[in-house]
Amino acid sequence: MPKRPYVIEEMISAKAIAARIEELSREIAEEFEDTDKLVVVGLLRGSFVFIADLVRELDLPIEVDFIEASSYGDSMESSREVRILKDLRGAIEGRDVLVVEDIIDTGHTLNHVTNLLLSREPARLKTIALLNKPSRREVEFVADWIGFEIPDEFVVGYGIDFAQRNRNLPFIGKVSFVE
Ligand code: 5GP
Ligand code: MG
Ligand code: MG
């Protein structure tokens with residue numbers, strides 16, 4: 001549990017997220033219109049709400065799989081060293097893959113995960129993140145689709161936690177500590 005009291009201010013409303021997902025899903029459907037073997041891979045745990053909303057807007061034959069990588073633990077700082085805690089259930093060789101992430105910050109997580117998945121030789125690998133903090137990048141990573149660019153603020157909600165709390169907020173909020 002977070003030790004200091006904090007408040008959450010809405011940054012991106014549930015309505016704005018839904019509208020953006022509709023736009024993104026049209027672009028994704030166009031990219032993958034020719035495929036019958038798309039695997040949508042969610043990065044646990046932060047992407048679970050985003051992937052649920054995204055796949056329901058995709059009128060494509062898809063499978064869903066998950067991979068879990070360690071990142072922040074319960075702190076607010078990225079650990080930089082990325083470990084795979086839970087691997088995919090299915091093979092992706094020769095398949096089309098869309099990796100779904102909640103937020104790109106330093107870039108270490110997606111850089112590591114996409115390199116790992118590329119080593120398995122998928123036919124095509126694309127990435128989408130709901131949020132992007134470009135000012136925080138430590139390794140170069142450019143996603144194929146981004147929901148929203150945000151400033152360097154610590155955010156929660158819509159699947160994203162602070163020390164495992166607040167994942168169930170329907171919007172993206174900014175955390176500020178109160179004294
Ligand atoms: P990266 O490896 O790009 O630094 O960070 C990726 C992960 O760090 C994200 O998937 C997310 O879990 C976590 N993260 C980055 N920024 C934030 C943030 O503002 N709030 C929360 N709760 N997690 C974040
Ligand atoms: Mg994450
Ligand atoms: Mg987290």
Side-chain angles (χ1 to χ4, degrees), residues 1-14 16-17 20-21 24 28 39-55 64-89 97-119 125-178:
M1 210 176 91
K3 289 181 188 66
R4 292 165 61 196
Y6 63 100
V7 293
I8 298 169
E9 241 178 278
E10 183 172 291
M11 184 190 260
I12 307 169
S13 70
I17 297 170
R20 184 70 183 122
I21 288 176
L24 291 165
I28 292 166
V39 190
V40 183
V41 170
L43 255 91
L44 292 172
R45 282 171 269 179
S47 74
F48 82 103
V49 176
F50 182 37
I51 192 175
D53 282 347
L54 184 66
V55 294
V64 174
D65 205 342
F66 293 96
I67 190 166
E68 183 170 11
S70 64
S71 58
Y72 278 34
D74 278 353
S75 88
M76 291 174 82
E77 274 301 308
S78 175
S79 57
R80 285 176 188 89
E81 194 189 296
V82 181
R83 284 178 309 129
I84 300 300
L85 303 178
K86 180 216 168 292
D87 205 341
L88 297 177
R89 288 287 293 272
V97 176
L98 175 66
V99 177
V100 181
E101 171 65 312
D102 53 357
I103 173 163
I104 312 176
D105 188 39
T106 63
H108 288 286
T109 304
L110 265 184
N111 186 49
H112 181 93
V113 169
T114 54
N115 282 335
L116 173 72
L117 298 184
L118 282 170
S119 74
L125 185 133
K126 298 278 177 185
T127 52
I128 180 169
L130 179 68
L131 305 174
N132 186 30
K133 290 189 210 168
S135 64
R136 295 258 311 162
R137 216 51 114 250
E138 291 177 9
V139 289
E140 194 182 325
F141 188 88
V142 181
D144 295 288
W145 295 280
I146 292 290
F148 303 90
E149 308 277 351
I150 61 166
D152 181 12
E153 303 280 4
F154 192 77
V155 295
V156 291
Y158 198 73
I160 304 170
D161 71 301
F162 179 23
Q164 300 311 323
R165 299 287 186 94
N166 310 123
R167 289 192 197 273
N168 54 328
L169 289 174
F171 56 86
I172 297 287
K174 168 190 150 176
V175 169
S176 320
F177 292 100
V178 286

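Start at 1 and go down the list; that is how both ligands and their atoms are numbered.
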Apply the test side-chain contact (heavy atoms from CB on, under 4.5 Å) to residues Ile103 and Val155: give CA-CA distance (whole Å), side-chain angles for both, the deciding distance (0.1 Å), then the verdict.
CA-CA 9 Å; Ile103 173 163; Val155 295; 3.9 Å; yes
Tyr158 side chain to Asn166 side chain, donor-acceptor N/O pair below 3.5 angstrom:
no
Among side-chain atoms of Arg137 and Asn132, is any donor-acceptor pair under 3.5 angstrom?
yes
Asp102: which N/O/S atom is nearest the Mg ion (ligand 2)?
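Sorting the N, O and S atoms of Asp102 by distance to the Mg ion (ligand 2) puts OD1 first.
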Using a 4.0 Å cutoff against the non-hydrogen atoms of [X], which atoms of ligand 1 qualify?
X: Asp102; value: 9 (C), 10 (O), 11 (C), 12 (O)
X: Glu101; value: 9 (C), 10 (O)
X: Asp161; value: 21 (C), 22 (N)
X: Gly107; value: 1 (P), 3 (O), 4 (O)

Between [X] and ligand 1, which residue portion shows a heavy-atom distance shorter than 4.0 Å: side chain, backbone, both, or neither?
X: Thr109; answer: both
X: Ile160; answer: side chain
X: Glu153; answer: backbone
X: Lys133; answer: side chain

Short N/O distance, under 3.5 Å, between Phe162 and ligand 1?
no
If you measure every N/O of Val155 against every N/O of ligand 1, is any gap under 3.5 Å?
yes
I need the minimum non-hydrogen distance between Val49 and Arg167, along with the two atoms involved.
CG2-O, 4.4 Å
Specify the closest pair of heavy atoms between His108 and Thr106, including all atoms of both residues, with the distance to one decimal.
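Looking at all heavy atoms of both residues, the shortest contact is CD2-OG1, 3.0 Å.
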Would you please name every residue forming a salt bridge (charged side-chain N to carboxylate O under 4.0 Å, His left out) with Arg89, sequence neighbours left out?
none
With side-chain contact (heavy atoms from CB on, under 4.5 Å) as the criterion, how do Leu130 and Phe148 come out once you've worked through the C-alpha distance, each side chain's angles and the decisive distance to 0.1 Å?
CA-CA 6 Å; Leu130 179 68; Phe148 303 90; 4.3 Å; yes
Would you say Asp144's side chain and Thr127's backbone share a donor-acceptor pair under 3.5 angstrom?
yes
